[in-house]
Structure formats: structure tokens, C-alpha cells
Amino acid sequence: MLTFMVGSKQAFEVSLPDVAQTQMQGKTDVLLEFHHDDTTGANEKDSLMDLSFHVPTSNTQFVGDENRPPAHILWETILKFADVGSSEEPVVTFEGIAILTPRGRYSVELHLSFLRLQGQANDFKIQYSSIVRLFLLPKSNNPHTFVVITLDPPIRKGQTLYPHIVIQFETEAVVERDLALSKELLAEKYKDRLEESYKGLIHEVFTKVLRGLSGAKVTRPGSFRSCQDGYAVKSSLKAEDGLLYPLEKGFFFLPKPPTLILHEEIEFVEFERHGAGGASMSSHYFDLLVKLKNDQEHLFRNIQRNEYHNLFNFINGKNMKIMNLGGDGQGTGGVVTDVLRHTDDDAVDPHLERIKNQAGDEESDEEDEDFVADKDDSGSPTDDSGDEESDASDSSGEKEKSSKKEASSSKPVQKRKPKGRDEDGSEKKKAKKKKDPNAPKRAMTPFMYFSMAERGNMKNSNPDLPTTEIAKKLGEMWQKMSSEEKQPYIQQAQVDKKRYEKESAVYRGEAPADVDSGNESG
């Protein structure tokens, strides 16, 4: 135990084996971060996450020298008792691995029940029970491959939550690794899951060993192919360039901010001309707006126009609602029409037939129906609607195909002209076209903070409960809470609101007056 004394009286004490990681902050401060107990009951409202000690250089209890100040002596003392290291030898270690989120080079140790990321400034210990899913996603025409570890609950660094660990491997790098496991343990516990040794591409070896130890499922690219026969399309999100991977059960934007969107969370998608309003680039690029059932929006910008047919066919084949299909009466037909009009008339997708024949072939055979990962890059909760029916149930494939043909006529283009004059209210708000990716992120509500804090406990207490039911139960818990119980989350929301107001004031002073920053949902 670490005991803090004030005079001769004990102020508090903490259990050092509960310390997950500790690090120096400057020369006089020692930070302790504690394990997040996944088995904590849903009724426990508060838990200690971190603790910082300031140790003046004049401290006489922990005597140091020029190279090792008193704070460093305290830090070394804590290390002897904390659960940062482990007497257990790792099964296998991968040195000098480039991790994009959280950024840095780490030594990755795979143990029997957890993995460790050891960097120069940070040290993370992640229980395998927190791993929801593994993603192995090659980068097109690039010497690197992404391996993403999706977590629930996420790891935490300061005030930032990281639900996705994004690792970047050199695609052609070959490694050979022997596992530090006895033949008895391999035969009894890991039969048909692990081998004594591995040799091959580093991303494949890493994924196979981590999958065998953790039992997590692996998702690989599915049937989608870009016009360059890749697995993703170049795009940008929140002013960050990256790759958008259309997968069999969702979209994944990488590397920063890593954003996972499940198909079941999507209300509708909308194709938008890039630079609508006469910009010279509008004929070369288009944007893809994804609206979620919880009213959150993701705008993927700067997608090359020659990717339109592939994306449209993929999304249409997943029965997602496309708002601006010409002639469906639900959206502005001119946008899709314009994308089509700027595409070469003879540009028939050369991979379309092959994609149809291979649909599902490239999807990992470990893909299953229990895929639940409900956090985006911000760590905010995804409050799914309780309705699990397909949003495209009222729009058949034949209707969408006919709508696509109608989009090539001039009539839908005429519908595009009267901006903001919708009489029945069904048109999409034109203000969304003017969204600035640099606009401040909107403030989170008290309920969102509550959901973020309790979702992990709810999931661990009810591992078989669907995501939609978890969101529903969290809502019921929130309704039954007293004002005092809600107060911590209300205070967090108030702090975030002040942050938003301050950032909005600065933003409005720099941005044009006609940009509607309030529509940015982060």
C-alpha cells in the first residue's frame, strides 16, 4: 500500500498492485494510472483513474542526486510494487513497432492474458477481454499494412480515450518467431489455435498470434474494390487525409481519426458534389455524407469521381438508403446526376462482374454476427436506435436501379436549382453543404458522459446483450437516477459546453458568417 500522511495522520492510501502504469512528468511529478476494473458492478459510480504526486527537489524522504531527483526515486520505488511490469515472460515480443494511434514506437509484448505496449513515454497494459475485434487492412499501392485493435473499454492517455490501436507494419517485412509456450500448454489450451513457431509476413504473424491468444475475431477486406483494384478509396475526414475502407459490415476510416461506422448504425448516405457552386474541382471529386441514427454525421471529402460507380454499387448492394437518388422523392436528385454526368460515358466498371462473383470471398472466414464495436475516435458513445430494421426496406433494389437511370436525364438537374425552397420538408438541409471541417466539436450532453462511463460495465455484465439493448438500458438507468447522481456528468457537460462556446467564439471570428458551425457533430 502507498500511504499519504499529513503530519502524523493518514490522509488516504492506495493499493500499488492496482497501478496499471506510472510515469514521470517533468522532474518533480509522478503520475499513477490505475487499472480499469472490467468486473466492477454497474452500481459503482466512481473509481480512481489517476493520481499525481508533486515531489519538490528539497524533499528529504526520497533523497536523490543531480541525475535522479527525489521524484525519480519515488517513481522507482513505486515501480517495484506496481503491476506495470510482470514476472510472467511474454509469449512473443515485436520490437520497434510503429503505432499511429496512440502515436509512437512501441515494443509490443503478447502475454497469456494481456498485451503490453512499451514506449519511451507511455506503457499500456491491455487485457485480452477488452479486445472486441481485429482488423487487417492492406494499403493500396503502398508498402504498409494496417492492423487495428478495437477495444471496449478503450485505453486512456490523460483525458484522451483510444478505442482503436492503429498499428502500421511494413507489408513485405518477414519475421520468424518462436512462442514461449510449453508443448503441454499448446496441446491443452491452444490446440488448433497456435503453433510452436511462425515464419512469414510480420502483419500476418502478429495477427495470427494475437488472435490465437485473445480469441478475437479478424476482419479483412470484403468484396469492395476501388478503380485501382485496391480495398479503400482516398478521402479526408475532419481535414485529415486518409483511406476509407468499405467493409462487409461497416466503413472504417484510417489512420486518423480512426473511425468505425457499422452499417446497422447508418440512417442514410448522401453523395455530394465537391465544391458545389461552381468550383473548378467539382468535376473531379465528390463527397460522401453518412448520417447515423443518433443524428451524428461523418462527411468524407475529396473522393475521386472515378470511384463513384464502385462506391455506389457497393452501398446500393448493402440496401442502405441513398437520399439523393434521382426520382425517389426523398432528396436532391441533381447531386448524383452531376457525379454521373461528369463520369465518362464509357467508363463501365471493369471489376463489377468479378466483384459480384467474389462477393464475400475476401471477407475473413472468422467474420460472424457478434461484431459489436460502438465507439468512434472521440470515445463518445453510439446511441443506437432500438429499431433494427433495414433503413432501405421501403426502397427495393429495382427501384434504386431505375432511379439511377432517371438521374441521367435533365429533370433531376432542374430539381437541384431551387435551394432551400422545399415545401414538404423532406429535402436535406442545404446548410450542411457549407460545413467547415475545422468547426469546433459540439459539446457532449450529460447523458453522453454517463453512457461513456457505464457502457463498458453494462457490456461486461451482459456480454450477450445487443448494442441497441445496451443503449436502451442506459437510457432507462439515466431516467431513474436522482439529480445528485447525475451531477458529476452535468458538471462534465458544463465544462465541455464552456469549451465549445470559447472555441466557437474564436471560430466565428475567423470563418465566413454564412458557415453554419453548429451542424458539425464531430
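- Enclosure of atom CD in Gln10 by more than 12 non-hydrogen atoms of other residues, nucleotides or ligands within 6.0 angstrom is indicated.
- Taking the charged nitrogens against the carboxylate oxygens, Asp123 and Arg116 do have a contact shorter than 4.0 Å, which makes a salt bridge.
- No side-chain heavy atom of Leu117 sits under 4.5 Å from any side-chain heavy atom of Asn122.
- Distance check, rounded to the nearest 0.5 Å: CD1 of Ile303 to OG of Ser226 gives 12.0 Å.
- With values rounded to the nearest 0.5 angstrom, His263 atom NE2 is found 6.0 Å from Lys318 atom NZ.
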Exercise for the section: Any chance you could lay out the side-chain contact (heavy atoms from CB on, under 4.5 Å) test for Val147 and Leu134, step after step, and finish with the verdict? Expected result: CA-CA 7 Å; Val147 172; Leu134 304 175; 5.6 Å; no
Practice task
Dump the intermediate steps for side-chain contact (heavy atoms from CB on, under 4.5 Å) on Lys473 and Leu465, then the final yes or no.
Solution key: CA-CA 10 Å; Lys473 285 187 176 293; Leu465 205 62; 3.6 Å; yes
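- In terms of heavy-atom proximity, Ser236 sits nearest to Asn302 at OG-ND2, 3.3 Å.
- With Asp29 contributing its side chain and Met24 its backbone, the two residues share no donor-acceptor pair below 3.5 Å.
- The main-chain N or O of Pro466 is never found under 3.5 Å from a side-chain atom of Thr468 such that the two would form a donor-acceptor pair.
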Handout entry: Stepwise side-chain contact (heavy atoms from CB on, under 4.5 Å) test for Val506 and Glu503
Key = CA-CA 5 Å; Val506 174; Glu503 292 181 0; 5.7 Å; no
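- Although no hydrogens or angles enter the test, the distance criterion places no donor-acceptor pair under 3.5 Å between the side chain of Glu307 and the main chain of Gln304.
- What you find for Pro255 and Gly242 is that their closest heavy atoms are CD-CA, 4.1 Å.
- Side-chain contact between Ile126 and Ile165 is present, with heavy atoms from C-beta onward closer than 4.5 Å.
- Side-chain rings of His164 and Phe252 approach one another, their centers coming within less than 6.0 Å.
- Ring planes of Phe146 and Tyr245: perpendicular class, angle over 60° (limits at 30 and 60°).
- Within the structure, the ring-ring contact (aromatic ring centres under 6.0 Å, His included) test picks out no pair touching residues 457-476 (sequence neighbours left out).
- Of all heavy-atom pairs spanning Glu33 and Asp50, the tightest one is CG-CB, 4.0 Å.
- Residues satisfying the ring-ring contact (aromatic ring centres under 6.0 Å, His included) criterion with Phe206, sequence neighbours excluded, are Phe94, Phe169.
- Here CD of Glu501 is found 10.5 Å from CG of Asp496. Values are rounded to the nearest 0.5 Å.
- Without hydrogens or angle criteria, Ser235 side chain to Arg301 main chain gives a donor-acceptor distance under 3.5 Å.
- With rounding to the nearest 0.5 angstrom, the OG atom of Ser214 is 8.5 Å from the CD1 atom of Ile149.
- Between the side chain of Ser15 and the backbone N or O of Met1, no donor-acceptor pair lies under 3.5 Å.
- Taking the six-membered ring for Trp and thresholds of 30 and 60 degrees, Phe12 and Phe53 have nearly parallel ring planes, at less than 30 degrees apart.
- Between Ser451 and Trp478 there is no side-chain heavy-atom pair separated by less than 4.5 Å.
- Using a 4.5 Å heavy-atom cutoff, the side chains of Glu454 and Tyr489 are in contact.
- Within a 6.0 Å sphere centred on NZ of Lys139, heavy atoms belonging to other residues, nucleotides or ligands number more than 12.
- For the atom pair CD (Glu270) and CD (Glu297), the distance works out to 9.0 Å, reported to the nearest 0.5 Å.
- Phe271 has its side chain within reach of Leu288: a pair of non-hydrogen atoms, C-beta onward, lies under 4.5 Å apart.
- Counting non-hydrogen atoms of other residues, nucleotides and ligands closer than 6.0 Å to CD of Gln120 gives a total of 12 or fewer.
- The shortest heavy-atom contact between Pro257 and Leu237 is CD-O, 3.9 Å.
- Heavy-atom contacts from other residues, nucleotides or ligands closer than 6.0 Å to NZ of Lys486 number more than 12.
- Distance CD/Gln168 to CG/Leu100: 5.0 Å, rounded to 0.5 Å.
- The side-chain heavy atoms of Phe251 and His298, taken from C-beta on, include no pair separated by under 4.5 Å.
- Pairing each heavy atom of Pro221 with each of Tyr231, the nearest pair is CB-CD2, 3.3 Å.
- Of all heavy-atom pairs spanning Phe224 and Leu311, the tightest one is CE1-N, 3.9 Å.
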Problem - Criterion side-chain contact (heavy atoms from CB on, under 4.5 Å) on Leu262 and Thr467, from CA distance to verdict - result: CA-CA 11 Å; Leu262 302 184; Thr467 307; 5.8 Å; no
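- Between Trp75 and Val55 there is no side-chain heavy-atom pair separated by less than 4.5 Å.
- In this structure the side chain of Lys291 never reaches within 4.5 angstrom of the side chain of Met323, judged on heavy atoms.
- Dense packing is recorded around CZ of Arg499, with more than 12 heavy atoms of other residues, nucleotides or ligands lying under 6.0 Å away.
- Under the 30°/60° scheme for interplanar angles, the aromatic rings of Phe124 and Tyr106 are found to be tilted.
- Partners of Tyr128 under the ring-ring contact (aromatic ring centres under 6.0 Å, His included) rule, at least two apart in sequence or in another chain, do not exist in this structure.
- By the 30° and 60° cut-offs, the orientation of the rings of Phe447 relative to Phe450 is tilted.
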